[in-house]
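Before any comments, here is the structure.
Predicted model only: the values in this text are computed from it and were never measured.
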Amino acid sequence: MKRIFRKISIIVVALMSFTFVSCGGDDYPSEGYFKVGETTYITNEARLNDLGYDDESGLYQLRLTMDNTSHNDFHSINILFYSEVNNYLPSAVYSSYTYNGNYKNRFKRGAWTIGDNIENVFLKGNVKVTKNNDIYRININCEDIEGNKITGVYDGKIHVVN
């Protein structure tokens with residue numbers, strides 16, 4: 001009987017600990033990565049900069065930056081989107097802009113950076129954005145100008161910077 005009581009006590013304490021830890025704080029753990037060829041770079045933060053209204057496209061230009069500021073070797077990926085609203089990236093599949101005058105659900109360009117320099121630019125591919133409340137999921141499937149496959153995923157909040 002003592003053994004059963006002890007096992008039940010351990011299970012109850014474990015469940016209470018799990019509940020306490022999982023309910024702590026309002027922060028959603030942001031996590032992600034981008035991959036250039038076979039090399040993976042971890043990201044844990046995303047920011048959205050409103051670059052203002054673009055008269056040519058009739059849309060707002062928003063720059064999404066995903067990086068890992070706590071990592072010793074700085075790395076980031078940036079994508080310039082066209083959006084119908086400022087300070088907000090609606091859920092959609094954004095394809096690369098093809099210079100045909102159609103800007104809706106397009107991205108203008110992207111770039112990935114390792115260290116202090118822009119390593120390369122990508123102009124083609126798709127970026128899928130899904131937003132649920134204030135949590136985003138970003139899926140990147142692109143190719144840079146040298147033919148490297150650029151893929152990535154980000155799950156978490158995106159901080160709007162003006």
Side-chain angles (χ1 to χ4, degrees), residues 23-162:
C23 292
D26 292 333
D27 289 345
Y28 182 86
S30 301
E31 56 186 39
Y33 70 90
F34 68 94
K35 194 171 180 178
V36 178
E38 296 301 316
T39 306
T40 302
Y41 302 94
I42 302 301
T43 59
N44 65 358
E45 184 174 290
R47 293 174 305 286
L48 190 65
N49 295 82
D50 184 350
L51 303 178
Y53 188 77
D54 178 55
D55 289 329
E56 181 181 335
S57 68
L59 300 169
Y60 292 92
Q61 289 190 24
L62 305 173
R63 181 179 58 231
L64 175 67
T65 301
M66 299 182 315
D67 58 21
N68 188 339
T69 56
S70 64
H71 196 273
N72 291 337
D73 300 324
F74 178 77
H75 51 268
S76 72
I77 190 165
N78 296 279
I79 306 169
L80 183 60
F81 290 94
Y82 293 105
S83 177
E84 294 176 338
V85 291
N86 62 339
N87 291 326
Y88 174 72
L89 194 55
S91 295
V93 175
Y94 294 84
S95 56
S96 50
Y97 177 61
T98 56
Y99 301 97
N100 63 359
N102 180 12
Y103 296 89
K104 187 174 179 183
N105 294 338
R106 302 287 183 177
F107 72 88
K108 187 172 186 177
R109 66 179 168 271
W112 54 274
T113 304
I114 308 301
D116 295 332
N117 300 316
I118 293 176
E119 296 292 333
N120 221 328
V121 173
F122 54 93
L123 301 171
K124 61 183 179 177
N126 292 303
V127 180
K128 182 178 180 182
V129 175
T130 307
K131 186 173 187 284
N132 186 5
N133 295 320
D134 61 346
I135 305 301
Y136 282 87
R137 179 164 178 89
I138 311 290
N139 290 295
I140 302 167
N141 188 9
C142 295
E143 185 179 306
D144 72 16
I145 58 177
E146 292 183 1
N148 296 308
K149 187 168 178 68
I150 311 299
T151 58
V153 173
Y154 177 81
D155 281 308
K157 292 183 178 181
I158 295 179
H159 305 284
V160 177
V161 181
N162 291 325

Please report the closest heavy-atom contact between [X] and [Y], naming both atoms and the distance.
X: Ser76; Y: Phe34; answer: O-CZ, 3.5 Å
X: Ala111; Y: Phe122; answer: N-CE2, 3.5 Å
X: Leu48; Y: Leu62; answer: CD1-CB, 3.8 Å
X: Ile114; Y: Glu119; answer: O-OE2, 3.1 Å

* Intermediate values then yes/no, side-chain contact (heavy atoms from CB on, under 4.5 Å), Thr151 and Asn141 -> CA-CA 5 Å; Thr151 58; Asn141 188 9; 4.0 Å; yes
Atom pair [atom1] ([X]) and [atom2] ([Y]), whose distance is rounded to the nearest 0.5 Å:
X: Asp155; Y: Thr43; atom1: CG; atom2: OG1; value: 9.5 Å
X: Thr113; Y: His75; atom1: OG1; atom2: NE2; value: 11.0 Å
X: Asn68; Y: Tyr41; atom1: CG; atom2: OH; value: 13.0 Å
X: Leu123; Y: Thr98; atom1: CG; atom2: OG1; value: 12.0 Å
X: Ile79; Y: Ile150; atom1: CD1; atom2: CD1; value: 10.0 Å
X: Ile138; Y: Leu89; atom1: CD1; atom2: CG; value: 6.0 Å

[X]: which residues meet the side chain to side chain donor-acceptor pair (under 3.5 Å) condition with it, sequence neighbours left out?
X: Thr39; answer: none
X: Glu56; answer: Tyr103
X: Tyr154; answer: Ser30
X: Asn49; answer: none

* Can any side-chain N or O of Ser83 pair as donor or acceptor with the backbone N or O of Pro90 at less than 3.5 Å? -> no
* Yes or no on side-chain contact (heavy atoms from CB on, under 4.5 Å) for Lys157 and Tyr136, after CA distance, side-chain angles and deciding distance? -> CA-CA 6 Å; Lys157 292 183 178 181; Tyr136 282 87; over 6 Å; no
* salt bridge (Lys or Arg N to Asp or Glu O under 4.0 Å) contacts in which one or both residues fall within residues 41-55, not counting sequence neighbours -> Glu45-Arg47, Arg47-Asp67
* **salt bridge (Lys or Arg N to Asp or Glu O under 4.0 Å): pairs with one or both residues in residues 83-109, sequence neighbours excluded** =>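 Sorted result for residues 83-109: Glu84-Lys104.
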* Check whether any side-chain heavy atom of Val161 lies under 4.5 Å from a side-chain heavy atom of Thr65, and answer yes or no. => no
List for me each residue that meets ring-ring contact (aromatic ring centres under 6.0 Å, His included) alongside [X], sequence neighbours excluded, and say none if there are none.
X: Tyr53; result: Tyr60
X: Tyr33; result: none
X: Tyr94; result: Phe81

* Which of these, Asn148, Asn120, Asp144, sits in a side-chain hydrogen bond (donor to acceptor under 3.5 Å, both in side chains) with Trp112? -> Asp144
Give every donor-acceptor pair under 3.5 Å between a side-chain atom in residues 126-135 and any protein atom, sequence neighbours left out.
| unit_1 | atom_1 | unit_2 | atom_2 | d |
| --- | --- | --- | --- | --- |
| Lys131 | NZ | Asn133 | O | 2.5 |

* To do: Apply side-chain contact (heavy atoms from CB on, under 4.5 Å) to the pair Phe107 and Cys142, showing each step before the final yes or no.
  => CA-CA 11 Å; Phe107 72 88; Cys142 295; 3.9 Å; yes
